[in-house]
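Counting begins at 1 with the first residue of the sequence. Note that the coordinates shown come from a computational prediction; the quantities given were computed from them, not determined experimentally.
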Amino acid sequence: MDFSVLLRFFKARKLSYIIGFSFMFAASFIQTLFPKVLGSAVDLMKDSGFEIRRVMLQVLWMVLIAAAVFACTFLWRNIIIANARNLECYFREELVRHFLKLPPAFYNTRKTGDLIAYAINDISAVRMTFGPATAMSFNGIVICLSSIYFMFAAVDARLTLITLAPLPFIILLMLFAGRKVQSRFRVVQNQFGAVSDRVQENISGIRVIKAYVQERSEMERFSALSGRMKQANLDLIRVSAALPAMIEFGFALCFVLSLVSGSRMVLRGQISIGDFVAFNGYLSLIVNPIVSIGRIVTIFQRGMASLGRLHDILRIEPDILDLPQAVDLQPDGPVELRQLTFHYDGSDTPALRDISLVLPKGLTLGIIGHTGSGKSTLASLLLRFFNVEPGQILLDGRDINAYTLKALRAGLGIVPQDTFVFAASVKENIAFFKEGYSDEEVKEAARLSQIADSIEGLPEGYDTILGERGVNLSGGQKQRLAIARALIQNPAVLILDDALSAVDAVTEGLILERLRHTRKGKTNILISHRVSAIMEADEIIVLDKGLIAERGTHTQLLKKGGLYYDIYTEQHEDAQPAQPQKA
């Protein structure tokens, strides 16, 4: 198991941990002095002519011991538990940073609820383990060892051996139960992820559920999941709840043995009454840490199970990385594809085959084709969402792999098919939470994308908080908001991946007209299934099953009477299409 994240955290805060554990060891050791002082006070009081001054001195020592234990415990708990909260924050940031590094393909096979479980439940379990649980374990170990030492050295070795005879069996029981807890807690966490994912899907798809009257069936599916989670928790509780009870039973036997053997030794004069009181005081000190350690074992095993799950996710290395010699320079426009061929993992059929084209800076390329022809795949490859063989995509004459990912994606702006709107203000959605954009720049981007009028009609204009995934916007409004988000960055290459599919023809025409004026001198790639969106492009390519079936201008392609003409005719059935000139 990889402990590198934990080690980095502990190394950065080693001084505070050293101070915290020093106070903890001090509190634990000082606490073990109390029974001996109490026993001495009892021995002083059993004499008929005892001096009250000497007894009060022992009482004063007990008060000082209690005060010192309180002060040291207060300090170590504040330091260690504060660091545990810091660890939780640090680990969660590391996890999210790792999530952000992973490629989009990773999320195609992962459920949102399960990923949320990693960031909340698993990290919380790790915090409990490497915070309070670990500290209490060390605290209990110090108390136990110190108490056993005083029981041997200051009271009687034989009585100690007899009394603590059940202790090895208690420890074996703890280890056995701990392993059971770890395996069952993994099941609990997996079930939590499944329930979280189902809740998230039901909330996100509530309109579809209601439209198809699926409330009852969804509730039945959720009830089944909830029942499995309940059963997993009950299986865990059966082990974790039994452990403290069995430990307490074992120590009850220890006290019985102490009482029987110790009372006989007192009657024989082998130990004093004070020693017997001190012995039972030490035994009482041992009980609480051992019982606590029983609970701590449960917490620790839960934490190790969660740490194992986190290790599994953190060891997934992102396969899209900057090359050692990558340049931190944004591409400026010219795009060239050289015999580009691409397969998705697990697929024998290429998504793109032998694609070659040159798009000079300042021109607009239109890409059209039926669903599944490879249009969006091409856009994803341009942003290096998937790895591309060297020499197949060039920007500014430089291989796409030679750019750092940050520089590459900063130079390219994309509006994907699935437009995402954050639960934030309109302004924050357009500026994408970046500082430096003025209000006028935000408004200008909104005007260019033809959404300014809609924004001004919102209750608080640009400060209106949008619902999750933009539920209070129409599909067309969300697309135009996403276009404004891309335009405000003014990228060297703008890619609109079917980003006008939800707007009407008039709005589409206005947006494209404004883009032609504002994007002069910059490279644009318009991907669409509608001819109207790409007909003004300087060059149009028609994709079919991953191949370039046709290329040319709108007029040239109509004259060919091929696939482009067929698509145009399908979309203009009510119009009189130009007669094709068959070659």
Side-chain angles (χ1 to χ4, degrees), residues 1-7 84 87-88 91-92 94-95 98-99 109-138 140-141 166-199 221-250 289-316:
M1 190 177 294
D2 186 9
F3 290 93
S4 58
V5 176
L6 292 171
L7 292 175
L87 171 63
E88 180 182 30
F91 218 129
R92 188 170 289 124
E94 285 292 309
L95 180 66
H98 183 69
F99 283 161
T109 56
R110 296 282 179 162
K111 293 192 173 185
T112 304
D114 199 32
L115 298 179
I116 291 172
Y118 286 111
I120 298 176
N121 271 25
D122 285 312
I123 287 179
S124 180
V126 170
R127 170 185 64 81
M128 288 296 296
T129 299
F130 292 95
T134 300
M136 292 298 292
S137 296
F138 282 119
I141 289 169
L167 193 59
F169 299 101
I170 294 173
I171 293 172
L172 289 174
L173 181 66
M174 289 166 51
L175 295 174
F176 174 76
R179 295 186 66 178
K180 289 285 186 183
V181 167
Q182 183 174 355
S183 62
R184 294 187 182 188
F185 187 69
R186 270 183 173 267
V187 177
V188 168
Q189 292 296 75
N190 290 334
Q191 290 300 324
F192 176 83
V195 169
S196 298
D197 189 65
R198 176 54 54 191
V199 172
R221 291 173 66 188
F222 182 79
S223 294
L225 274 177
S226 184
R228 286 196 289 271
M229 184 175 179
K230 179 194 74 173
Q231 189 58 48
N233 276 288
L234 289 175
D235 291 342
L236 174 63
I237 290 168
R238 287 190 185 98
V239 178
S240 59
L243 183 58
M246 287 187 287
I247 292 173
E248 289 180 9
F249 176 77
I290 295 292
V291 172
S292 297
I293 287 173
R295 291 192 292 267
I296 288 164
V297 165
T298 301
I299 295 172
F300 187 79
Q301 293 298 339
R302 289 183 180 188
M304 295 307 293
S306 289
L307 190 63
R309 277 168 46 89
L310 289 166
H311 167 67
D312 291 341
I313 202 80
L314 289 172
R315 71 178 179 180
I316 299 174

For the residue pair [X] and [Y], what are the closest heavy atoms and their distance?
X: Gln191; Y: Leu225; value: OE1-O, 4.2 Å
X: Arg186; Y: Ala305; value: CG-CB, 3.7 Å
X: Gly250; Y: Pro166; value: O-CB, 4.1 Å
X: Arg127; Y: Ala84; value: CG-O, 3.3 Å

Report yes if the side chains of [X] and [Y] come closer than 4.5 Å at any heavy-atom pair, otherwise no.
X: Asn121; Y: Phe185; value: no
X: Leu310; Y: Val126; value: yes
X: Leu234; Y: Lys230; value: yes
X: Leu314; Y: Tyr118; value: no
X: Asp122; Y: Leu95; value: no
X: His98; Y: Val5; value: no
X: Arg110; Y: Phe99; value: no

Taking Asp235's backbone N and O only, do any of them form a donor-acceptor pair with Arg184's side chain (distance below 3.5 Å, no angle check)?
yes

Arg238 side, atom CZ; Asn233 side, atom CG - distance, nearest 0.5 Å:
11.0 Å

OG (Ser306) and NE2 (His311) are apart, to the nearest 0.5 Å, by 14.0 Å

Counting heavy atoms not belonging to Arg221, are there more than 12 under 6.0 Å from its CZ?
no

Should we count CZ of Phe138 as having more than 12 external heavy atoms under 6.0 Å?
no

For salt bridge (charged side-chain N to carboxylate O under 4.0 Å, His left out), just list the numbers for Arg309 and Asp312, CA-CA rounded to whole Å, side-chain angles, deciding distance to a tenth of an Å, and then say yes or no.
CA-CA 5 Å; Arg309 277 168 46 89; Asp312 291 341; over 6 Å; no

